[in-house]
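Positions are given from 1, in the same order as the sequence printed here.
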Amino acid sequence: MEVKSMAIKQHLSPSSPGAKITWVDYFPSSIRPYLYLARVHNPAGTLLLFYPCSWSVTMACYAHGTPMSTIWTYVGLFLTAAQVFHSAGCVINDMWDKDVDAAVPRTRTRPLASGDVSMFQAFIFVIPQLALGVWLLMQLNEYSLRLGLSSLGLVVLYPAMKRVTDWPQAILGLCFNWGALLGAASVVGAVDWSVYIPLYMGAICWTIVYDTAYARQDRDEDAKYGVRSTTILFGDQIRPILAIFSFILCSFVTYAGYCNGHGLPFFCGVALGGLHLARLLARTDFESKEDCDATLLSNGWFGFWVWAGAFADFVVKTQL
């Protein structure tokens, strides 16, 4: 095993993030840059994209009393779609940011920035990903297909917003949390806007929280190269401002649950998620790049607790 590990280290490409070995490094060197470009080694982004879908699916199944198999069917479908669309979005983002990424220490080893993958190769690589994503959407009902396709423009335009507005995290939230609408639409063929608009708005606030904290590690480089963000906008007040957004997030999700007729298990899930966010914000050292980087994956626990509460409420209502 030690010999194998040494062999992998000897064949690491510049696209590998630092000296850290991931499971991607067990693949042939010709494939590794594409896997890193698609971020398949890091589950954080996929989970953050997936959880709003899972909330919406489970809440719709709760409201309409569907069989439990319906939850697992759509949760599985959206988990797959989250991986595909997150990977495609990362490729598109890196194509937009290639020059800036090459100048920033944390991102200069990314495959496009380092030259391991050309712009043409990245373009060819993203096409089948988008095609697979569209095919997955086509497995849904017609209303959901139209709703899903209507978000693709935001996905393509988001990277440019970092040069246009101080609130690119809000634009990212519009893209990343479309599943809060799409999940319910996939289950029942319609969206109860009184429930899912608050859920969507709450999820957008969540994106502002986790992406602002994550981007803090690049604040100085972003300011130098003209990349705008809430991290720069909030400045030294980042902790109290993110605490306010966290409170708004929990309020919106709680209100969505109330409008959907949920019981105690749902609200307990939101409370546990809120406590996790409060603990995370209190403990994060925003001057530490390692702490800022770790907040992204840790935020996934908020998404999990909200989904767990919704699922527990579904079980109580339909199985007991």
Side-chain angles (χ1 to χ4, degrees), residues 38-39 44-60 74-97 123 125-165 167-211 230 249 252-253 256 299-300 303 306-307:
R39 309 287 202 281
T46 296
L47 291 174
L48 295 172
L49 182 61
F50 162 70
Y51 276 124
C53 306
S54 69
W55 304 344
S56 185
V57 165
T58 307
M59 290 171 69
Y74 284 104
V75 162
L77 178 65
F78 278 107
L79 181 59
T80 303
Q83 177 62 67
V84 171
F85 279 112
H86 177 251
S87 295
C90 287
V91 176
I92 293 170
N93 183 74
D94 286 5
M95 291 174 72
W96 275 95
D97 288 348
F123 177 73
F125 180 52
V126 81
I127 289 176
Q129 295 180 66
L130 291 174
L132 177 57
V134 171
W135 181 81
L136 288 169
L137 287 177
M138 291 175 66
Q139 309 312 302
L140 306 177
N141 55 64
E142 184 177 351
Y143 178 84
S144 300
L145 174 61
R146 293 199 303 268
L147 183 63
L149 291 175
S150 67
S151 70
L152 294 182
L154 286 171
V155 174
V156 174
L157 289 177
Y158 156 68
M161 295 297 102
K162 289 181 278 189
R163 280 83 175 171
V164 176
T165 176
W167 291 87
Q169 279 75 16
I171 308 301
L172 177 63
L174 292 172
C175 307
F176 234 60
N177 299 293
W178 206 256
L181 307 175
L182 191 58
S186 67
V187 173
V188 299
V191 176
D192 183 345
W193 301 108
S194 67
V195 173
Y196 297 103
I197 286 295
L199 188 70
Y200 182 50
M201 296 301 295
I204 291 171
C205 291
W206 185 34
T207 300
I208 292 173
V209 170
Y210 63 67
D211 200 62
T230 49
L249 151 64
F252 269 127
V253 175
N299 258 277
V306 173
W307 175 78

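Side-chain N or O atoms of Y196 include one that pairs as donor or acceptor with a backbone N or O of A60 at under 3.5 Å. Counting only distance, with no hydrogens or angles, the side chain of Y158 and the backbone of G173 share no donor-acceptor pair below 3.5 Å. Judged purely by atom type and a 3.5 angstrom limit, T165 has no side-chain atom pairing as donor or acceptor with the backbone of M161. For S87 (side chain) and A38 (main-chain N/O), a donor-acceptor pair under 3.5 Å exists by modelled atom type. Between the side chain of Y74 and the backbone N or O of S186 there is at least one donor-acceptor pair closer than 3.5 Å.
Two residues are said to be in side-chain contact when any heavy atoms from C-beta on lie closer than 4.5 Å; L147 and V191 meet this criterion. The side-chain heavy atoms of F123 and V91, taken from C-beta on, include no pair separated by under 4.5 Å. For the pair F78/S56, no side-chain contact is recorded, criterion being any heavy-atom separation below 4.5 Å from C-beta on. Side chains of L140 and L77 form a contact here, defined as non-hydrogen atoms less than 4.5 Å apart. When side chains are defined from C-beta on, W55 does not count as touching N177, because their heavy atoms never get closer than 4.5 Å. Looking at heavy atoms from C-beta onward, M201 lies in side-chain contact with I197 at the 4.5 angstrom threshold. Contact check for D97 versus R163: side-chain heavy atoms found under the 4.5 Å cut-off. Annotation: side chain of H86 is in contact with side chain of F176 (closest heavy-atom distance under 4.5 Å).
Ring geometry for Y210 versus W206: interplanar angle over 60°, hence perpendicular rather than tilted (30 to 60°).
Contact between K162 and N93 at its shortest, heavy atoms only, is NZ-OD1, 2.9 Å. The two residues Y51 and G300 have their closest heavy-atom pair at CE1-O, 3.4 Å. The minimum heavy-atom distance linking S151 with G148 is given by the pair OG-O, 2.7 Å. In this structure, P198 and F252 approach most closely via the heavy-atom pair O-CB, 3.3 Å.
Annotation: the span from L145 atom CG to M138 atom CE amounts to 6.5 Å, rounded to 0.5 Å. Rounded to the nearest 0.5 angstrom, L79 CG and F50 CZ are separated by 5.0 Å. Taking CG of L199 as the start and CG of D192 as the end, the distance is 11.5 Å to the nearest 0.5 Å. Note that CE of M59 is 11.0 Å distant from OG of S54, once rounded to the nearest 0.5 Å. The CH2 atom of W167 lies 13.5 Å from the CG atom of L172; values are rounded to the nearest 0.5 Å. Taking CG of L249 as the reference point, atom CD1 of I208 lies at 10.0 Å (rounded to 0.5 Å).
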**Study point:** Test side chain to side chain contact (heavy atoms under 4.5 Å, CB included) applied to L132 and Q83, step by step
**Key:** CA-CA 11 Å; L132 177 57; Q83 177 62 67; over 6 Å; no

**Study point:** Test log, rule side chain to side chain contact (heavy atoms under 4.5 Å, CB included), inputs I92 and Q129
**Key:** CA-CA 11 Å; I92 293 170; Q129 295 180 66; over 6 Å; no

Exercise for review: Begin with the C-alpha distance, continue with both residues' side-chain angles, and end with the deciding distance and a verdict on side chain to side chain contact (heavy atoms under 4.5 Å, CB included) for L182 and L137.
Suggested key: CA-CA 10 Å; L182 191 58; L137 287 177; 3.8 Å; yes

